[in-house]
Amino acid sequence: MSPTLTDASPIRTDAGGRADGLDVLERGRSIAETYGIPLAVLLEVTHRCPLQCGYCSNPIEMERAGNELTTAEWKNVLTELAEIGVLQVHFSGGEPTVRKDLAELVRHATSVGLYSNLITSAVLLNRDKLAELADAGLAHIQISFQANDAELANRIAGFKGHAKKLEVAKWARELDLPLTVNAVMHRQNLEQLPQMIDMAVALDADRIEVANVQYYGWALKNRAALMPTIDQIDEATRIVDDARDRLKGILDIDYVVPDYYAVRPKKCMGGWGRQFFNITPAGRVLPCHAAETITDLDFESVRSNHSIAWIWKNSEAFNKYRGTGWMPEPCQSCAFKEVDFGGCRCQAFALTGSAGNTDPACSLSPLHEAIFKTAEREAATGSNRYLYRNFSGGTLEPDAGYDS
Amino acid sequence: MDGEAEKPIATSAPASRRRMTVTEHSAPKLGRGVVLRFDETRQRWVLLVPERVLAPDDIAIEVLKLCDGQRSVGTMADELAAKYTAPRADIVADVIAMLQDLAESGFLIEAKGGRP
């Protein structure tokens, strides 16, 4: 998930001295204001995906095809989102192109005035399908790459798709679609980061998202196989800084650092229920794409009698960790409580058993030291074999000597 | 798909870098994936770009509306100078600076047929 994706919230109007007269619509609001409808919404139209990446942010219990919203239901969702003031939608998954109605949904989004982004593995696309999506009004495509080297990339994905991804990226540029390369990084591919940045330039991408794995859902199960060493992270930060200088005006680089080695927690989702929501394949409306990992929360669905605006404003799940009133110590008296909003609720739940605790990524959490040590230990001694993502609870990668 | 052939990655230089250089003769237009529209909910103009929603100020809105791929920057400056009865030279400089920043963000492209 992009840091900017979840950052897009209303509204600051001063131009801040920029010559282009533009400002990003975000970060400006006092928490005393009402929670206006987000500018951008993530639509996970399916959990089906031919790839089996062990770092997938989908829940372990994935939604089966039979529970997915129908074409008509998604169209109603899109219409409603446009009416209440959402401006951008991100079609994601699972693999969104699994759905045969994707172009129809993009066309509908365009017709109601929404700006469509596609977040895809690309392996199911062909040139005609991509052209159809472009004709339907698709404004931007993000293609995931697992590594630079095809063999490693295919092993990480549990699917031979790397060559196809390169091909689709080329078609995207031929069709004049803005292209972002999504690079999810972890211990077993960080050494290829410089080559992945070069690859993005060679593919004529506008942006690359260098996102260290966040450990929820499948990624949490695979943490020992994915956790980088602190030296790898320091090196990655240096590589990104250098590339940003070198590629200014050629390639924009977004960089997400891993929580476990952080001192301060990330402002997850820009704050719970503050400027982002996600709709699952079955239509549940979530404050975060990983929120269903918090098993003691109930989430309302677009299939309920409630409008999406009502769910955003009034539902218990959205209000539970909204703002700062829910915070325990050390968050409550912390000077940064409106900077990071206590970090990530899903991570707090995963690591402490309660989503209401301080995110252990924060150095003020009593558990911070312990998770730092866990990360170091797993980075040094964790098995490299993946638990591949699938609908049957995961399959351990065959032992091919990856740990020797 | 399992048997697909692996092809080497293309390592040639990018075919097109979209970062144009703006001059008085440029005829810029918004790139694909860049949408200027009025947001009824928030009652203001917004510029939709990949992964961001931007809030143009009044002058930027006015200039962006003129970026139709037909008008040259010089023509834009003529129109703005007449409208605001301001010195044309000042306006040209300001508009070029603004458009160059937009171009470097990847939001503007040179319209086909426009002079470089």
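Values reported hereafter were calculated over all heavy atoms of this structure, with side chains retained and with hydrogens, waters and symmetry mates removed. Per chain, numbering begins at 1; letters A, B, ... match sequence-line order.
Atom CG of B/D58 sits in a sparse spot, with 12 or fewer heavy atoms from other residues, nucleotides or ligands closer than 6.0 Å. Within 6.0 Å of CD on A/E191 lie no more than 12 heavy atoms contributed by other residues, nucleotides or ligands. Enclosure of atom CD1 in B/I59 is not indicated, since only 12 or fewer non-hydrogen atoms of other residues, nucleotides or ligands lie within 6.0 angstrom.
Using a 4.5 Å cut-off between heavy atoms, A/I84 contacts chain B through its backbone alone, with no side-chain atom that close. For a residue to count as touching a neighbouring chain, one of its non-hydrogen atoms must lie under 4.5 Å from one of that chain's; by this rule B/L47 touches chain A with the side chain only. With a 4.5 Å cut-off on non-hydrogen atoms, A/A134 touches chain B through its backbone and its side chain both.
Of the inter-residue distances, the one linking B/D39 atom CG with A/L87 atom CG reads 4.5 Å to the nearest 0.5 angstrom. Going from atom CD of B/E104 over to atom NZ of A/K248 covers 8.0 Å, rounded to the nearest 0.5 Å. The structure places CG of A/L138 at 7.5 Å from CZ of B/R32, a figure rounded to the nearest 0.5 Å.
The nearest pair of heavy atoms linking B/G33 to A/P178 is CA-CG, 3.9 Å. Shortest non-hydrogen contact noted between B/V49 and A/Y115 is C-OH, 3.2 Å. When every heavy atom of B/R42 is checked against every heavy atom of A/I37, the shortest pair comes out as NH2-O, 2.9 Å. Between B/E51 and A/R207 the shortest heavy-atom distance is CG-NH1, 3.5 Å.
Between chain B and the options A/G113, A/G85, A/A139, heavy-atom pairs under 4.5 Å are most frequent for A/G85.
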